[in-house]
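Read the numbers this way: they start at 1 and go in the same order the structure lists the ligands and their atoms. Just so you know, residue 1 is the first one in the sequence shown, and it goes up from there.
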Amino acid sequence: MKTTSRSFSRAALASAFLATSLGVSLVLATSAAGAASTLGAAAAQTGRYFGTAVSAGKLGDSTYVNILNREFNMVTAENEMKWDATEPNRGQFSYGRGDQILNQAVSNGKRVRGHALLWHQQEPGWAQRMEGSDLRQAMMNHVTQVATHYKGKIYAWDVVNEAFADGGSGGRRDSNLQRTGNDWIEAAFRAARAADPAAKLCYNDYNTDGINAKSTGIYNMIRDFKARGVPIDCVGIQSHLTNSAPGDYQANLQRFADLGVEVQITELDIAGANQANAYAAVTRACLAVARCAGITVWGIRDTDSWRTGENPLLFDGNGNKKAAYNSVLDALNAATPSTTTTPTTPTTPTTPTTPTTPTTPTTPNPGGCTASVSLNSWNGGFVATVKVTAGGTALSGWRVTTGLPGGAAVTNAWSATNSGTTGSVTWSNVSYNGNVAAGQSTEFGFQGTGSAQGMSATCAAS
Ligand code: 9MR
């Protein structure tokens, strides 16, 4: 980890600026080398979180809950927000156990990572038996319904989990989700953004800890998404490890961070004799990457782990702190309050690898701006992303009028306010995106039912 010799006040100012510009909430500790006594408080000294996976069935276990409440300030439902749990029958949603975890966390001052909206595993049986456009519609409805249920309550969603193949191909894994079309991932991200604009949207996967074919495939997808304005905010590096993290672990985190997405270590557990050192190394790697927002371990005690018999967690079966716990806490406490790694300039995007959806031609612009629409459609619904570009003079406000075909209706929108939901709909900027410099762009979006193919969009300065 890089350190700084700057005075504290200058470092604090720099870190506050960095945190603001990165959207990271920063908690300034009063002493440069804090000695916080819990994982959550120690991580908060650099504006990060420390989380764990939680199982609803264990919330009656007082040892478990005591450690949870004492140590962690972020929670992921281990299974309770997955598709099989939340939509056991098509169109019938079941949020009881997910809500239990969320409410326990929120009432104890913790934030929640949502896991996971779409994953080829733990699909309910009815979805496993589906294919094609019917499945695509069910997938998008699932994303919309679940993200809407938890709207405003989730720090970050794993929108799509484990969609890339292992091995050297660097490509997608086969699944019925993938067979609905290669654009299923971006369609899911757009639907999630429409349903819960406040949640950070993550792509999450395993065996992506070092720079390898799989992580590079994901890197290329995220770079493409950023280039085309597909809403993605974070990447989850699961980090199910044995003995040690790869030597290029930090470099891998950094290259994702350099794309402009937050990096989250989402499911950390480490088996093997070198456990304590490996945990410290992972912690230090996150601390060294400014956009690494936090670490989540995949369970509390060794006996809570999915890796039966491997004892890969920070507490033993009796709830005692292990050497690995102390090494993580020490590493967190050794960090200065500021993150000192300066993000490098985002890599220049290359040509998108994923086929783009049809874009309506840019319309001539009478009032100093243009609007172009990108559509992600499925049978019965769509997500529209509208790019507003200022002409030769800066905008201090804008208004876009979209002409929706008959039968199409807006159900949900973000980053603009609308008057009307069918036919000619007028969209106005919100407080934070009205000012657009000459030649620059901003985006808003909406979701709707019906078909929006052929929708027009015109823009005027206001
Ligand atoms: O820990 C989870 C375990 O209880 C479930 O049985 C399993 C089902 O597939 O999922 C485990 O969690 C996985 C996570 O959701 C995604 N990444 C891999 C995790 C370990 O398998």
Side-chain angles (χ1 to χ4, degrees), residues 51-59 61 64 67-68 72 74-88 94 97-98 100-102 105 112-125 127-128 139 142-143 146-147 150 154-167 172-173 175-178 185 188 192 201-210 212 214-215 217-218 234-242 245 263-272 282 294-315 317:
T52 182
V54 166
S55 176
K58 292 177 182 157
L59 290 175
D61 174 336
Y64 183 88
I67 301 171
L68 168 61
F72 299 99
M74 184 71 78
V75 157
T76 305
E78 187 171 358
N79 290 295
E80 292 78 352
M81 294 187 189
K82 293 172 180 174
W83 197 353
D84 60 348
T86 50
E87 196 181 0
S94 152
R97 289 182 307 141
Q100 204 186 334
I101 290 178
L102 183 121
V112 176
R113 295 191 76 264
H115 174 80
L117 292 172
L118 291 178
W119 184 25
H120 66 284
Q121 281 186 31
Q122 288 178 278
E123 284 182 29
Q128 289 174 32
M139 289 156 62
H142 180 75
V143 170
V146 177
Y150 288 111
I154 299 290
Y155 167 70
W157 265 112
D158 292 330
V159 178
V160 169
N161 194 43
E162 301 176 11
F164 275 72
D166 290 310
R172 303 283 182 85
R173 79 166 63 240
S175 71
N176 62 344
L177 308 179
Q178 179 63 27
I185 297 183
L201 305 181
C202 303
Y203 176 81
N204 189 48
D205 216 324
Y206 67 93
N207 281 352
T208 54
D209 314 302
N212 57 37
K214 186 175 179 181
S215 62
I218 294 162
C234 38
V235 61
I237 306 291
Q238 292 185 10
S239 308
H240 295 294
L241 300 171
T242 298
V263 177
Q264 302 175 9
I265 296 171
T266 50
E267 303 184 13
L268 180 63
D269 49 21
I270 310 177
V282 167
I295 298 174
T296 294
V297 286
W298 204 242
I300 297 179
R301 301 163 299 196
D302 284 335
T303 42
D304 301 318
S305 172
W306 67 293
R307 297 172 75 174
T308 316
E310 290 192 277
N311 299 329
L313 294 173
L314 301 178
F315 296 86

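With 3.5 Å as the limit, one finds no donor-acceptor pair spanning the side chains of Thr208 and Asp205. A donor and an acceptor atom, one from each side chain of Tyr203 and Asn161, are nowhere located under 3.5 Å apart. In summary, the side chains of Asp209 and Gln238 do not present any donor paired with an acceptor at a separation below 3.5 Å, with no hydrogens or angles considered. Between the side chains of Thr242 and Arg307, at least one donor N or O lies within less than 3.5 Å of an accepting N or O.
Of the polar atoms of Glu267, at least one N or O is found under 3.5 Å from an N or O of ligand 1, judged by distance alone. Between Trp119 and ligand 1, a contact under 3.5 Å exists for no N or O pair. Ligand 1 has no nitrogen or oxygen under 3.5 angstrom from a nitrogen or oxygen of Trp306.
Under the side chain to side chain contact (heavy atoms under 4.5 Å, CB included) test applied with Leu118, the options Asp158, Val143, Val159 reduce to a single match, Val143.
Scanning Glu78, Gln121, Lys82, Met81 for the heavy atom closest to atom 10 (O) of ligand 1 points to Lys82.
The protein heavy atom nearest to atom 7 (C) of ligand 1 is Gln122 OE1, 3.8 Å. The single protein non-hydrogen atom nearest to atom 14 (C) of ligand 1 is His115 NE2, 3.4 Å, given as residue, atom name and distance. Protein heavy atom at the shortest distance from atom 6 (O) of ligand 1 is Asn79 OD1, 4.2 Å. Counting only heavy atoms of the protein, atom 12 (O) of ligand 1 lies nearest to Trp298 NE1, 3.3 Å.
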Point to revise | Steps toward side-chain hydrogen bond (donor to acceptor under 3.5 Å, both in side chains) verdict (Asn212, Ser215) | key: CA-CA 5 Å; Asn212 57 37; Ser215 62; 3.1 Å; yes
Practice item. Decide yes or no on ring pair (Phe, Tyr, Trp, His ring centres under 6.0 Å) for Trp83 and His120, but give the supporting numbers first. Key: CA-CA 10 Å; Trp83 197 353; His120 66 284; over 10 Å; no
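Which parts of ligand 1 touch Asn161 is read off a 4.0 Å heavy-atom cut-off, strictly below it: atoms 16 (C). Residue Gln238 has at least one heavy-atom neighbour below 4.0 Å for each of these atoms of ligand 1: 17 (N), 18 (C). For ligand 1, the atoms closer than 4.0 angstrom to any heavy atom of Glu162 are 16 (C), 17 (N), 18 (C).
Arg301 has a carboxylate O that lies under 4.0 Å from a charged side-chain N of Asp304, or vice versa, which qualifies the two as a salt bridge.
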